[in-house]
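Here the structure comes first, spelled out in structure tokens, and everything after it is commentary.
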Amino acid sequence: MALHGFGKSRALASVFTRFQKLNSRRVWEGISLWFAVLLMLFVHPLYAEANETDNVGQLHFVDGQGQWQEPALVLDSEFDIRVSGLIADTRLLRSFRNTSDQWREGVFVFPLPEKASVYGLTMKVGERTIEGKVQPREVARQTYEKAKSAGKHAANVEQQRPNLFTARLANIPPGETVSVELKYQQPVGFQAGVFELSIPTTLTPRYVPGAPIQSLSDQWQSGWALPTTQVADADAISPFTVNPGDVAGDSHRASIELLIDAGLPLEAVSSPSHQLATSRDGQSVTVRPAEGEILMDRDFVVRWRPLAGREPSAAVFHQSWQGEDFLLAMLVPGQTGKSVLPRELVFVIDTSGSMAGESIRQARSALQAGLQTLTSRDRFNVIQFNSQTHALFMQPEIATGNNLARARQYVDRLRADGGTEMAPALSLALKDSEGSGEETPRVRQVIFITDGAVGNEASLFRQIRQQLGDQRLFTVAIGSAPNRHFMREAARWGRGTYTAIHSPSDVSGPLQRLFAAMESPVLTDIQVQWPGQETGIESFPRRPGDLFQGEPLIHAVRGVAAMGELKVSGRLPGGRNWLKTLDLQQAAPGTGLHRHWAREKIDSLQDEARVSGQEPDKAAITELAVAHGLMSAYTSFVAVDATPARTTETPLASDNLPTLRPAGSQAGMLRYPQTATAAPLLIALGLVGLMFSVAIVLLQRRAFP
């Protein structure tokens with residue numbers, strides 16, 4: 001009986017086991033199939049989003065059959081630049097030639113120098129010349145639209161960013177050419193005895209973070225990007241980017257002539273971006289590209305160095321404009337010796353998609369050069385960012401041989417891909433390390449290596465100001481067409497300096513000057529006192545930042561005559577005082593100083609608004625810009641011909657002219673995506689395939705046990 005009962009028990013157990021396996025298999029089949037269905041529902045919107053993003057860059061450049069179609073307008077540019085002292089004055093002529101048999105409107109988004117003051121607009125139609133006027137931005141738009149609808153030749157230029165502008169030219173006749181001449185000035189850069197002038201001709205497409213939002217109006221939208229919660233004007237700063245072969249053979253070319261009258265003998269004139277042809281006439285030098293017309297796919301950069309021993313240590317310029325005096329002064333503090341302190345350096349490198357190609361190679365070289373400056377007294381860390389942020393160490397580590405070797409290997413493996421999510425990287429970099437337990441304070445410096453290809457500059461500036469503390473932020477611009485406005489302003493808000501790398505052969509010189517400046521003492525607590533300062537005269541910048549070795553202080557003032565002394569004081573490391581005086585009676589004649597002063601005041605008003613978290617004083621900025629004939633965020637230039645040229649019955653087509661892909665960048669820049677990559681879609685598709693495979697295997701086992 002016992003044995004019989006035991007056999008029955010085993011049989012029941014076997015049946016129960018098979019039942020368990022069958023139920024388990026059915027459960028897994030159900031889970032797999034349901035998971036696959038849910039993933040399909042998840043993939044569908046991802047597919048739609050990726051499909052929409054991939055097509056957005058070609059909407060205006062394909063015909064009804066989907067074939068590539070060159071823009072009907074041919075773009076030609078002429079730069080005529082005159083440098084006098086510390087100011088460069090430029091006449092930029094843009095010509096739009098209509099190669100089609102339709103009337104056209106041309107729309108072109110283009111860069112200018114980050115400190116450009118645009119003060120003139122002239123439209124040229126045949127033998128006629130129409131002078132433009134500065135108007136409030138909304139009024140200028142209405143004036144332009146009304147003229148366009150009436151069939152009149154009209155031009156409108158407005159500022160999107162301090163270094164990014166949009167030109168619109170209405171009613172270009174078939175087979176004819178209409179030109180727009182812009183006049184602008186910019187300060188000449190000077191650092192460590194070298195003058196530098198940069199002329200941007202194209203731009204790197206900017207990453208646009210945030211969720212897309214529905215725009216209130218599509219009247220003036222023409223970019224590849226949609227407005228987002230973080231960049232409301234994304235459509236206005238995202239021109240299409242194409243290869244040179246995608247436009248007419250004679251389009252997007254520029255001729256450049258630069259006359260340098262520095263007021264002192266020059267030792268050398270060079271360019272890290274182009275071969276130069278130069279000619280001298282006394283102390284003046286005329287510079288042109290050796291190849292003649294250049295392709296508009298990179299910045300045109302010129303540097304000049306005074307003869308040894310003739311580097312300026314101080315200079316002052318004077319202008320009388322509409323009965324008022326304007327002065328512009330430059331002071332370069334002398335050698336102050338070195339006071340070496342242990343440092344904590346955080347290197348941040350951009351590895352987003354816009355850095356792919358030559359840019360990431362330059363960035364790796366720059367970072368490796370920075371690692372070579374570290375000593376065993378220093379702590380350091382390396383942070384990379386794209387769509388995600390990653391740090392080499394959990395916190396900065398001592399620069400031992402082993403840690404440096406790990407860092408060099410880490411940097412060598414870096415590749416560029418994904419979006420430019422800069423805010424998390426800034427947060428991590430500007431976070432003070434804790435728990436070191438060291439008595440000797442460390443100088444904490446952050447070196448930010450990027451092309452600055454972001455559209456949310458304002459929010460990043462706020463973040464830097466809020467998180468900076470006692471740190472210093474230094475920016476290194478990478479690539480042939482970086483966002484210089486972001487790079488320079490980020491360094492200014494970060495109380496550091498800005499350095500640009502233009503090519504692989506240009507890495508060593510600028511970086512040596514940067515790292516030498518970082519090791520040198522800083523002149524702090526700077527005070528500038530003009531004669532009569534107590535009477536309420538306005539001088540800018542209102543609060544000068546710290547100065548590093550070889551960096552000049554440039555100050556502008558209104559209402560001070562060229563007499564008396566300018567006094568500049570500061571504090572050296574260790575608490576020593578520093579004082580320098582400048583005789584204003586030695587002032588040389590200057591031009592455009594009133595515009596430089598007005599631009600500085602506008603920047604000051606905007607800075608005050610950022611610090612207080614309020615909107616800028618729009619009325620004050622508009623009034624100031626109109627008074628000095630300047631373009632600003634709230635004023636634009638508009639020119640309208642009095643006589644209609646196109647009948648209202650004749651159709652008018654619009655061409656959104658592209659910019660050229662920056663030299664050295666990858667083909668991915670041709671269609672810069674709204675989202676970082678298609679990775680979420682590809683991962684989801686892979687999971688769907690995996691779930692279906694599991695379900696099929698389970699079903700096969702069920703059918704053939």
Side-chain angles (χ1 to χ4, degrees), residues 75-97 106 108 110-134 153 155-159 162-169 177-189 195-202 252-262 274 276-279 281 284-289 292-294 296 299-302 304 319 321 589-596 598-599 625 628-632 635-639:
L75 176 69
D76 184 48
S77 300
E78 298 178 18
F79 292 84
D80 185 7
I81 309 163
R82 298 290 182 267
V83 173
S84 177
L86 300 177
I87 299 292
D89 199 279
T90 300
R91 182 186 65 86
L92 169 57
L93 184 68
R94 302 272 197 206
S95 297
F96 298 81
R97 177 161 53 89
F108 184 52
F110 61 95
L112 286 180
E114 69 277 5
K115 282 289 188 178
S117 298
V118 181
Y119 66 89
L121 169 70
T122 303
M123 181 173 60
K124 297 183 178 180
V125 183
E127 299 298 322
R128 297 193 305 283
T129 298
I130 301 96
E131 293 292 335
K133 298 179 180 179
V134 175
H153 297 298
N156 171 264
V157 179
E158 63 183 23
Q159 175 183 310
N163 66 335
L164 196 61
F165 298 77
T166 300
R168 294 179 176 84
L169 201 57
T177 299
V178 178
S179 301
V180 172
E181 181 182 284
L182 277 181
K183 292 181 180 178
Y184 67 87
Q185 67 179 50
Q186 67 186 103
V188 175
F195 291 93
E196 180 175 296
L197 190 71
S198 298
I199 308 299
T201 64
T202 190
H252 291 69
R253 267 65 178 172
S255 62
I256 300 177
E257 180 175 294
L258 168 62
L259 176 63
I260 303 172
D261 184 8
H274 296 78
L276 299 180
T278 62
S279 60
D281 183 7
S284 298
V285 180
T286 300
V287 180
R288 300 181 183 88
E293 286 192 338
I294 62 171
M296 294 169 58
D299 292 353
F300 180 77
V301 182
V302 180
W304 57 96
Q319 180 192 25
W321 181 78
T591 59
L593 304 189
H594 72 97
R595 287 188 287 266
H596 180 84
R599 172 59 60 190
H628 290 266
L630 292 176
M631 192 183 306
S632 70
T635 55
S636 303
F637 271 100
V638 64

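Separation of atoms CG (D299) and CD1 (I199) is listed at 9.0 Å; rounding is to 0.5 Å. A distance of 12.0 Å separates CZ of F637 from NZ of K133, quoted to the nearest 0.5 Å. The distance from the CZ atom of R288 to the CG atom of L258 is 10.0 Å, given to the nearest 0.5 Å. To the nearest 0.5 Å, atoms CE (M296) and CG (D76) are separated by 9.0 Å. With values rounded to the nearest 0.5 angstrom, D261 atom CG is found 10.5 Å from R82 atom CZ. One finds the CD1 atom of I81 at 13.5 Å from the CD atom of Q185 (value rounded to the nearest 0.5 Å).
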Derivation of the side chain to side chain contact (heavy atoms under 4.5 Å, CB included) call for I294 and F79: CA-CA 11 Å; I294 62 171; F79 292 84; over 6 Å; no
Verdict with reasoning, M123 to L169, per side chain to side chain contact (heavy atoms under 4.5 Å, CB included): CA-CA 9 Å; M123 181 173 60; L169 201 57; 3.9 Å; yes
M631 and V157: CA distance, side-chain angles, deciding distance, side chain to side chain contact (heavy atoms under 4.5 Å, CB included) verdict: CA-CA 9 Å; M631 192 183 306; V157 179; 3.4 Å; yes
E158/R168 under side chain to side chain contact (heavy atoms under 4.5 Å, CB included): CA gap, chis, key distance, verdict: CA-CA 9 Å; E158 63 183 23; R168 294 179 176 84; 3.5 Å; yes
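Using a 4.5 Å heavy-atom cutoff, the side chains of P162 and E114 are not in contact. Two residues are said to be in side-chain contact when any heavy atoms from C-beta on lie closer than 4.5 Å; L197 and I260 fail this criterion. Using a 4.5 Å heavy-atom cutoff, the side chains of N163 and P111 are not in contact. Side-chain atoms of V118 and L182, non-hydrogen and from C-beta on, do get closer than 4.5 Å to each other. Here the side chains of N156 and S636 are in contact, with some heavy-atom distance below 4.5 Å. Taking 4.5 Å as the limit, every side-chain heavy atom of I87 sits out of range of all side-chain heavy atoms of Q319.
Between W321 and H594, the ring-plane angle classifies as parallel under the 30° and 60° cut-offs. Note: F195 and W304 have parallel aromatic rings, judged against thresholds of 30 and 60 degrees for the angle between ring planes.
The two residues L630 and A598 come nearest to each other via the heavy atoms CD1-CB, 3.7 Å. Heavy-atom minimum distance, G590 versus L593: C-CG, 4.3 Å. Across G629 and V134, no two heavy atoms sit closer than the pair C-CG2, 3.8 Å. Heavy-atom minimum distance, R94 versus S77: NH1-OG, 2.6 Å. The heavy-atom pair separating A88 from V83 by the smallest distance is CB-CG2, 3.9 Å. Taking both residues in full, the closest heavy atoms of T177 and S95 are given as CG2-CB, 4.0 Å, listed atom of the first, atom of the second, then distance.
Side-chain atoms of Q186 never come within 3.5 Å of backbone atoms of P113 as a donor-acceptor pair (strictly under, hydrogens ignored).
For the pairing with F108, the side chain to side chain contact (heavy atoms under 4.5 Å, CB included) check across L75, V180, T166 returns one residue only, L75.
The number of heavy atoms from other shown groups lying within 6.0 Å of NZ (K183) does not exceed 12.
Taking the side-chain hydrogen bond (donor to acceptor under 3.5 Å, both in side chains) definition, one finds that S632 meets it with T635, sequence neighbours left out. Under the salt bridge (charged side-chain N to carboxylate O under 4.0 Å, His left out) criterion, K124 pairs with E181, not counting sequence neighbours.
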